[in-house]
Amino acid sequence: GAGVSQSPRYKVAKRGQDVALRCDPISGHVSLFWYQQALGQGPEFLTYFQNEAQLDKSGLPSDRFFAERPEGSVSTLKIQRTQQEDSAVYLCASSSSGGPYEQYFGPGTRLTVT
Amino acid sequence: AQRVTQPEKLLSVFKGAPVELKCNYSYSGSPELFWYVQYSRQRLQLLLRHISRESIKGFTADLNKGETSFHLKKPFAQEEDSAMYYCALSGRSGYSTLTFGKGTMLLVSP
């Protein structure tokens, strides 16, 4: 079956621009996670959704970062007024339950801010 | 605070040699430990988790609570094992996000 998909796969933004990154989880998966992976680092947690409810946004680095999942399926991560330090790969993962055992990752969106 | 340390950025071995990728963690409580792998041009995927005590693709990992370690081992490396390996942990309760190490690149030469 189809796995987690993300779009766009690559995004180049000029500093100060707003960007929106999309995640399509596996159908029926309740839980959705966003991670940020900077060059040479492991993924770092950003935020977690259970259905449409954002239960944890403790990892969002600033108020320029905003995520939503209005209908409990597709999720969008929005970054306003992008900065160079936002350059990273943004990973989305979904799970049929809240536990980490079954997290399935998407291919990621590589964001480059120039 | 929970933390995962992978001391080696790169591990280079010859085919058939034993492999050990090191992972140490700090966590106040009983964590769940995992190894994730990312092959070239592929997405991150779960390799194994300590709770299931399984061997995947010849790899094993034992949780050592005394040393707070979860090293990944394989007795005879294969060229197809070349990949980026990430150690990760989560708590046992609730939804539990993953905390990753920085990763170790394993290169297996013929």
Side-chain angles (χ1 to χ4, degrees), chain A residues 1-7 9-10 23-26 29-60 67 69 88-110, chain B residues 1-10 21-27 29-54 56 61 70 72 83-105:
Chain A
V4 178
S5 61
Q6 293 186 245
S7 61
R9 292 293 311 278
Y10 303 91
C23 171
D24 279 89
I26 293 172
H29 276 193
V30 168
S31 297
L32 187 146
F33 302 79
W34 282 99
Y35 294 85
Q36 179 191 58
Q37 186 173 19
L39 190 64
Q41 305 293 316
E44 292 189 2
F45 169 75
L46 292 177
T47 187
Y48 164 70
F49 288 87
Q50 185 175 67
N51 296 306
E52 68 278 4
Q54 189 175 21
L55 299 187
D56 188 343
K57 53 182 181 179
S58 61
L60 295 176
R69 194 186 184 197
V89 175
Y90 290 85
L91 297 169
C92 175
S94 72
S95 170
S96 59
S97 67
Y101 316 120
E102 306 160 354
Q103 281 191 37
Y104 295 89
F105 283 82
T109 294
R110 182 178 296 279
Chain B
Q2 54 197 57
R3 186 167 59 223
V4 176
T5 302
Q6 294 180 252
E8 303 140 329
K9 278 190 175 180
L10 173 66
L21 287 83
K22 297 190 186 318
C23 172
N24 289 87
Y25 67 90
S26 65
Y27 185 78
S30 294
E32 299 288 354
L33 273 297
F34 307 85
W35 278 97
Y36 278 78
V37 61
Q38 188 166 26
Y39 300 101
S40 179
R41 301 184 189 279
Q42 294 187 27
R43 61 189 66 192
L44 197 60
Q45 59 186 284
L46 179 65
L47 179 63
L48 56 80
R49 52 204 187 212
H50 94 269
I51 196 170
S52 57
R53 293 186 163 274
E54 56 197 347
I56 303 293
F70 188 57
L72 183 68
M84 194 74 180
Y85 291 81
Y86 294 95
C87 183
L89 72 78
S90 78
R92 288 178 181 258
S93 63
Y95 54 86
S96 298
T97 63
L98 290 168
T99 297
F100 288 88
K102 292 186 177 182
T104 298
M105 172 67 77

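By convention in this document, chain letters (A, B, ...) are assigned in the order of the sequence lines, proteins followed by strands, and residues within each chain are numbered from 1.
- The closest donor-acceptor contact from the side chain of R3(B) to the backbone of Y27(B) lies at 3.5 Å or more, if one exists at all.
- Between chain A and the residues Q45(B), R43(B), K9(B), Q38(B), the largest count of heavy-atom pairs under 4.5 Å involves R43(B).
- Ranked by heavy-atom pairs shorter than 4.5 Å toward chain B, the options G106(A), A93(A), G59(A) are led by G106(A).
- Y36(B) and Q103(A) share no side-chain donor-acceptor pair at under 3.5 Å.
- When heavy atoms are compared at a cutoff of 4.5 Å, E44(A) does not approach chain B at all.
- Heavy atoms from other residues, nucleotides or ligands lying under 6.0 Å from CG of L10(B) number more than 12.
- Atoms OG1 and CD, on T104(B) and Q6(B) in that order, are 4.5 Å from each other to the nearest 0.5 Å.
- Neither the backbone nor the side chain of Y104(A) comes within less than 4.5 Å of any heavy atom of chain B.
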